[in-house]
Amino acid sequence: MEKYVIHGGKPLHGEVEISGAKNAAVAIIPAALMVHGVCRLENLPEISDTDTLLRILTYLGAKVNMINRSTVELDCTHVQMDLIPDQMWDMTRRIRASYYLIGAMLGRFGRARTTMPGGCNFGIRPIDQHIKGLTALGADVTLSGGFICANARDGHLHGRTIYLDKVSVGATINIMIAAVTAEGRTVIENVAREPHIVDLANFLNSMGADVRGAGTDVIKIRGVKQLHGGSYALIPDQIEAGTYMAAVAAAGGSIRVSNIIPKHLEGISSKLQEMNVEVEEGDDYVLVRRDGPLHNANIKTKPYPGFPTDMQPQMTAVLCCAPGVSVVTEAVWSSGRFKYVAELNKMGAHIEVEDQSAFIQGVDSLTGATVRACDLRAGAAMVIAGLAAQGVTQIEDVLYIERGYQDIVGKFRALGADIRCIDEPEEPARGWNAG
Ligand code: EPU
């Protein structure tokens with residue numbers, strides 16, 4: 001079993017280049033199932049979630065040609081399968097984004113069957129809004145025995161107006177993918193506005209779809225007969241960028257975070273500035289510096305453009321050493337997303353969780369300890385805490401971290417961190433927790 005060993009307490013210096021956005025990639029790869037022809041994807045992150053999805057598509061009959069580490073050519077023209085075969089169930093159960101295969105298969109074949117998705121285990125993760133949307137488009141959707149089955153009632157989907165009762169990234173994406181070839185016009189109201197929603201719309205449009213309004217709360221889609229091949233470069237990962245920004249806030253130092261879209265980071269940048277961290281924006285980079293004491297701050301997560309829930313654990317790790325009391329409130333997920341707090345407390349943090357909020361009493365410094373990555377972003381928070389802590393931190397279950405962060409150890413080492421990955425004898429698998 002791999003684990004990270006960090007000798008903390010060293011400020012970070014240098015430049016880190018951000019990879020393509022995980023949550024855009026895990027939507028765009030399944031959406032490529034809708035494309036007839038060769039679809040070239042650039043700036044793909046090299047993480048295990050994208051690898052898993054590419055393996056699933058290959059199994060379904062897609063030609064997958066890796067051009068280099070971040071570019072792939074996908075040809076799904078001859079894919080015939082409208083159900084995920086049992087050999088793939090282990091993979092579809094590992095990741096959240098496997099449910100986008102439902103939207104894509106339903107849109108393309110009028111039929112789909114796969115397992116219920118996996119994903120970060122931070123409470124109940126309902127999919128009622130996905131079902132509501134796909135049902136409105138004319139599908140019968142059933143959940144039974146851990147599987148999702150969807151069948152278009154008359155063989156194909158029909159555009160409709162759908163109002164989402166809850167702002168959901170996943171439901172917005174699934175319905176968008178299914179609707180691009182539905183007959184007529186689909187209007188989805190109260191949709192998520194995350195940058196990866198816009199990225200998916202841009203990808204679909206560059207392959208011949210007619211999707212408008214992504215980035216606002218209403219998306220309008222005029223169905224087209226089929227999508228054609230093309231080339232598309234994914235946006236950079238706003239959460240990966242935010243994680244390095246948070247790391248320099250916690251450990252001190254001065255870094256340049258490059259290959260980013262600063263606009264996507266505004267919520268994170270302004271919160272860090274409030275915490276006495278300097279953030280200077282360039283065209284496609286930010287300079288982040290912290291050499292004075294941190295200031296305490298309150299954070300409440302919200303759908304984009306609010307403060308991202310996927311940065312909540314990392315910011316809590318930073319606030320552990322801000323004098324005074326900080327309150328971090330989770331308003332997207334349940335308090336299950338605070339499981340990692342117990343791990344931070346092992347490092348000398350003083351955090352109490354009550355209902356949806358973590359109350360953080362700042363301490364002078366954290367102390368290295370053996371902790372585990374409870375899930376992807378919780379794992380990133382442990383890395384940040386370890387970099388800031390005095391002494392040695394060992395992080396277990398790092399597989400979860402590597403599902404969403406490309407070469408996190410190499411990137412932090414290049415910033416001067418003393419972090420390495422060591423391999424220890426295998427223990428029985430505990431299940432998967434990402435995205
Ligand atoms: N919800 C419902 N019904 C639904 C769908 C969602 O009630 O049908 C609720 C959820 O329970 C939650 C809220 O709506 O309280 C938001 O859920 P959403 O559907 O937006 O989340 P998701 O699509 O399952 C994606 C990301 C998560 C990220 C959330 C919120 C992927 C693969 N995952 O999940 O990313 O936290 O959006 O921004 O895109 C991560 O990257 O670490 C991660 C967990």
Side-chain angles (χ1 to χ4, degrees), residues 19-31 45 47-50 52-53 92 94-103 116-136 141 143 148 162-177 188 190-197 199-200 217 234-235 237-243 264 267-268 301-314 330-337 339-340 356 373-381 400-406 432-435:
S19 304
K22 163 193 168 264
N23 286 345
V26 298
I28 287 174
I29 295 171
I47 50 175
S48 58
D49 267 19
T50 53
T52 300
L53 283 164
T92 50
R94 278 181 206 169
I95 55 172
R96 193 76 198 151
S98 60
Y99 57 19
Y100 299 144
L101 293 166
I102 287 283
M116 286 293 281
C120 285
N121 180 17
F122 33 67
I124 299 167
R125 297 183 71 172
I127 59 165
D128 55 302
Q129 298 306 305
H130 301 240
I131 297 171
K132 175 179 174 175
L134 299 176
T135 306
V141 185
L143 304 183
I148 317 174
I162 299 155
Y163 180 87
L164 296 180
D165 303 313
K166 177 106 195 177
V167 176
S168 158
V169 170
T172 304
I173 289 176
N174 227 344
I175 300 166
M176 267 168 85
I177 295 174
I188 323 171
N190 196 30
V191 295
R193 292 182 280 164
E194 268 67 5
H196 36 285
I197 302 281
D199 209 35
L200 172 67
D217 55 10
L234 278 71
I235 52 166
D237 196 308
Q238 123 219 44
I239 303 300
E240 188 195 13
T243 299
H264 294 167
I268 300 166
T301 66
K302 291 206 181 98
Y304 191 83
F307 191 87
T309 172
D310 294 342
M311 279 299 299
Q312 180 260 94
Q314 301 91 314
E330 177 55 59
V332 174
W333 296 107
S334 71
S335 57
R337 200 160 201 184
K339 268 193 226 153
Y340 66 88
Q356 294 287 111
C374 308
D375 61 55
L376 171 58
R377 308 303 172 188
Y400 304 145
I401 303 175
E402 292 173 358
R403 303 189 60 202
Y405 288 92
Q406 178 173 330
W432 295 85
N433 274 332

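Remember, it's 1-based here, ligands and their atoms both numbered in the order they're listed.
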**Item:** Atom indices of ligand 1 within 4.0 angstrom of Thr309 heavy atoms, with elements
**Value:** 30 (C), 36 (O), 38 (O)
Would you check whether [X] has a nitrogen or oxygen atom less than 3.5 angstrom from a nitrogen or oxygen atom of ligand 1?
| X | value |
| --- | --- |
| Val332 | yes |
| Tyr99 | yes |
| Gly170 | yes |

**Asked** Lys22: heavy atom below 4.0 Å from ligand 1, yes or no?
**Response** yes
**Asked** Is there a heavy atom in Pro126 that sits closer than 4.0 Å to ligand 1?
**Response** yes
Can you tell which part of [X] has a heavy atom less than 4.0 Å from ligand 1: side chain, backbone, both or neither?
| X | value |
| --- | --- |
| Arg337 | side chain |
| Leu376 | side chain |
| Gln129 | both |
| Asp310 | side chain |

**Asked** Hey, is Asp310 close enough to Arg337 for a salt bridge, meaning N to O under 4.0 Å?
**Response** yes
**Prompt:** Between Tyr99 and His130, what is the ring plane arrangement, given parallel below 30°, perpendicular above 60°, and tilted in between?
**Reply:** tilted
**Fill in**
Taken in chain and number order and not counting sequence neighbours, the residues that satisfy side chain to side chain contact (heavy atoms under 4.5 Å, CB included) with Val141 are Ile131, Leu134, Thr135, Ala139, Ile148, Ala150
**Prompt:** For His196, which residues count as a ring pair (Phe, Tyr, Trp, His ring centres under 6.0 Å) partner, sequence neighbours excluded?
**Reply:** none
